[in-house]
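This report concerns only the one structure given below.
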Amino acid sequence: MEKRTVLVNQLLMTGIMALSMSGIMLLIALGPSAALLTIWPKQFLVAWPIAFVMTMVAWPLSNKLTYLLCGQSLIRSNTAKQEEAAVMSREN
């Protein structure tokens with residue numbers, strides 16, 4: 001993926017997760033109330049940048065752990081992607 005696509009993906013994913021998790025956790029803590037609706041936007045604005053920074057750290061680590069747990073190497077995976085891209089370019 002190109003860098004711009006990765007950045008947009010990270011912004012959208014962390015925004016969705018921060019919005020849903022802050023809402024769910026506040027609902028659990030406060031129950032359904034008017035206070036939840038006043039606190040939730042503030043919690044979301046605090047949670048989103050934290051989630052974004054954390055995924056920038058966690059995403060590469062998660063990828064490495066996934067390949068380790070699944071018994072694949074990053075090198076083999078990247079080589080397979082390059083081979084697949086070469087085949088696709090030949091077909092076009």
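The model shown is predicted, which means the values in this text are computed figures rather than measured ones.
Here the OG-CD1 distance, from Ser22 to Ile50, works out to 11.0 Å after rounding to the nearest 0.5 Å. Here Asn9 contributes atom CG and Leu11 contributes atom CG; the two are 9.0 Å apart, rounded to the nearest 0.5 Å. The structure places CE of Met17 at 13.5 Å from CG of Leu12, a figure rounded to the nearest 0.5 Å. Here the OG1-CE distance, from Thr14 to Met21, works out to 13.5 Å after rounding to the nearest 0.5 Å.
Val46 and Leu26 sit in two unconnected hydrophobic clusters of ILVMFWY residues. Membership requires side-chain heavy atoms under 4.5 Å apart, directly or through other members. Hydrophobic clustering of Ile, Leu, Val, Met, Phe, Trp and Tyr side chains at less than 4.5 Å, counting indirect connections, keeps Met54 apart from Trp59. Leu37 is connected to Leu45 through a chain of hydrophobic side-chain contacts under 4.5 Å among Ile, Leu, Val, Met, Phe, Trp and Tyr, so both are in one cluster. Follow the hydrophobic side-chain contacts under 4.5 Å out from Phe44 and you reach Leu30 in the same cluster.
Counting heavy atoms from C-beta outward, Trp40 and Leu19 have side chains that approach closer than 4.5 Å. Side-chain contact between Thr55 and Met13 is absent, with no heavy-atom pair separated by less than 4.5 Å.
Listed for the Ser20 side chain is a donor-acceptor partner under 3.5 Å among the backbone atoms of Ile16.
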